[in-house]
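Here's the structure we're looking at; comments come further down.
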Amino acid sequence: MSETGQAQLPPRGGPGLPQVRRLVTAIPGPRSVELAKRRSQAVARGVGETLPVYVAAAGGGVLVDVDGNSLIDFGSGIAVVSVGNAADAVVENVREQAGLFTHTCFMVTPYEGYVTVCEELARLTPGRHEKRSALFNSGAEAVENAVKIARAHTGRSAVVAFAHAYHGRTNLTMALTAKSMPYKHHFGPFAPEIYRMPMAYPYRWPGGPAACGEQAAAQVVETIATEIGAENVAALVIEPIQGEGGFIVPGTGFLTRLAEFCAQTGIVFVADEVQTGFARTGDMFACEHEGIVPDLIVTAKGIAGGLPLAAVTGRAGIMDSPHVGGLGGTYGGNPVACAAALGAIATIERGDLTARARHIERIAMPRLLALRDRYPFIGDVRGRGAMLALELVADPTEGTPPNQPAPAPAPDRMVTVAAAAEAHRRGLVLLTAGTWGNVLRLLPPLVIPDNLLLEGLDILDEVFADIARHRPRPRLQPQPQPQPDSLPPTH
Ligand SMILES: Cc1ncc(COP(=O)(O)O)c(C=O)c1O
């Protein structure tokens with residue numbers, strides 16, 4: 001009840017929500033704390049959470065919690081609500097479809113929305129060849145199906161995955177995922193015939209960032225040829241920018257060399273664009289940045305404005321390899337989720353959200369680079385579009401011989417955890433990532449207003465200033481100052 005004794009209406013979500021940060025209680029507030037207590041008695045412990053504020057409404061660049069706090073959203077529900085939470089066209093389509101029918105099962109009695117989403121995927125994904133799609137419920141399920149399709153097409157069983165990769169939490173996708181804790185620990189045995197290759201991780205590549213792409217690709221090609229045999233490999237599965245691994249943008253030339261090798265050897269090149277897809281990186285798909293046309297592309301997250309939908313899209317000759325009835329699932333391509341996807345796609349195109357993602361990079365990247373130069377525990381700044389990250393590290397190592405590149409300093413998970421927690425207390429929803437848990441990642445909705453984006457970046461600065469005050473760590477080796485022409489490209 002409000003002070004006047006009237007029942008309070010829940011706030012309406014969507015783009016009409018006031019785009020302000022406003023804290024009226026401590027974070028989390030009392031109602032969230034109450035809900036957290038209920039949660040502990042009802043929800044399995046294994047389901048984690050980043051920030052225990054319970055959401056009542058969301059839209060644009062804010063989340064409003066049950067205590068009335070309005071938080072800046074730098075997470076987009078892990079890169080899902082790129083079009084903004086409760087985006088108008090998504091909500092309208094969902095309402096209309098839910099009032100018509102909510103489910104028939106596309107494999108029993110089909111409906112138009114599924115077909116239209118597949119047509120849209122053929123239109124939007126890289127390459128003008130003939131394509132087919134199949135729809136699923138989650139990124140992991142779609143990745144699994146991409147592997148099934150590649151195996152059916154090639155008659156081969158081996159699958160190549162990469163260090164720092166994340167592809168999901170089902171058995172096969174756990175096997176493809178690199179990181180043990182928390183994703184795989186105690187959950188084995190895992191699916192066989194998965195082979196892990198080095199990732200072209202410029203910041204940590206022993207030969208330095210400039211040589212990284214070429215050297216890493218040479219290692220991968222050599223290892224596949226000598227240790228697996230290319231003729232045994234069905235698929236190479238790769239994120240064009242690694243997500244959970246820490247927004248690792250592969251060294252230049254890495255992806256193109258791998259795609260070329262796959263084309264030469266008949267390996268199906270599978271781009272997992274679950275996190276990078278649908279305008280997030282400033283192109284509709286991250287592969288486009290390097291002119292790569294994958295054989296199969298896996299999408300989810302940003303595809304449907306928050307409803308569960310995922311897809312595998314690819315060359316007709318590969319996609320049509322599995323026998324009739326070999327692909328599917330009860331809910332895959334649910335009509336409400338398909339309607340939401342058509343609303344999300346229309347929102348991306350009408351609002352030119354790829355350009356918005358590049359705009360976000362243009363605003364945020366110089367600020368993040370300036371932070372790196374100010375704070376010694378920021379080792380690397382990277383990413384593309386509205387998928388940007390800071391890798392936090394311990395002090396740079398002393399005693400590097402003159403003229404030798406210093407090895408990348410040790411990851412610092414504790415400072416990362418402290419920074420994220422402090423950001424949360426100040427009303428900024430910020431996610432972590434990375435093999436060592438030492439990456440802060442920025443994934444704002446693409447519709448976030450500039451003033452909120454800038455305020456979120458100011459909060460980051462305040463958080464780092466606090467950390468620097470409490471953990472003074474002088475930079476031993478000055479970093480080169482970024483020159484305007486040495487900034488990462490902003491498209
Ligand atoms: C690159 C990538 N692939 C697959 C997945 C799994 O998607 P889902 O959580 O929808 O199963 C994720 C989720 O974060 C992802 O980032």
Side-chain angles (χ1 to χ4, degrees), residues 46-50 75-82 125 134-148 150 159-179 182-184 187 190-191 194 196 199 201 235-250 255 269-281 285-287 292 294 296-313 329 331-334 337 340-341 344 383-389 431-435 437 439 441-443:
V47 184
E49 74 194 357
T50 299
S76 299
I78 322 187
V80 170
V81 285
S82 300
T125 52
L135 304 183
F136 304 96
N137 301 292
S138 71
E141 192 190 349
V143 171
E144 290 233 3
N145 277 278
V147 171
K148 280 166 63 174
V159 178
V160 166
F162 289 83
H164 311 289
Y166 181 84
H167 297 289
R169 293 173 183 267
T170 58
N171 188 266
L172 177 56
T173 56
M174 277 194 291
L176 293 167
T177 291
K179 188 174 170 175
Y183 306 122
K184 302 166 75 168
F187 296 146
F190 303 112
I194 308 293
R196 194 165 309 286
M199 179 63 186
Y201 187 167
L236 179 147
V237 182
I238 191 160
E239 300 154 86
I241 297 176
Q242 288 183 319
E244 307 300 301
F247 290 12
I248 301 166
V249 183
L255 291 175
F269 184 95
V270 180
D272 178 347
E273 293 241 21
V274 167
Q275 193 153 158
T276 49
F278 286 98
R280 173 60 49 189
T281 64
F285 296 98
C287 278
I292 289 166
L296 301 182
I297 181 163
V298 182
T299 52
K301 290 190 184 280
I303 191 175
L307 273 85
L309 189 72
V312 183
T313 301
Y331 295 113
N334 166 274
R384 198 178 291 150
M387 185 172 178
L388 302 170
L431 308 180
T432 61
T435 295
V439 175
R441 53 174 160 169
L442 280 58
L443 284 167

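Everything quoted here is computed from the prediction, not taken from an experiment. Atoms within each ligand, like the ligands themselves, are counted from 1 in listed order.
Taking the ring centroids of Phe136 and Tyr331, they lie at or beyond the 6.0 Å cut-off.
With hydrogens and angles ignored, the 3.5 Å screen pairs a side-chain donor or acceptor of Ser76 with a backbone N or O of Leu443. Without hydrogens or angle criteria, Asn171 side chain to Ala191 main chain gives a donor-acceptor distance under 3.5 Å. Although no hydrogens or angles enter the test, the distance criterion places no donor-acceptor pair under 3.5 Å between the side chain of Arg169 and the main chain of Tyr183. In this structure, Thr177 contributes its side chain and His167 its backbone to a donor-acceptor pair below 3.5 Å.
Residues forming a salt bridge (charged side-chain N to carboxylate O under 4.0 Å, His left out) with Glu244 (at least two apart in sequence, or on another chain): Arg441.
Sorted by chain and number, the residues within 4.0 Å of ligand 1 by heavy atom are Ser138, Gly139, Ala140, Tyr166, His167, Gly168, Glu239, Glu244, Asp272, Val274, Gln275, Lys301.
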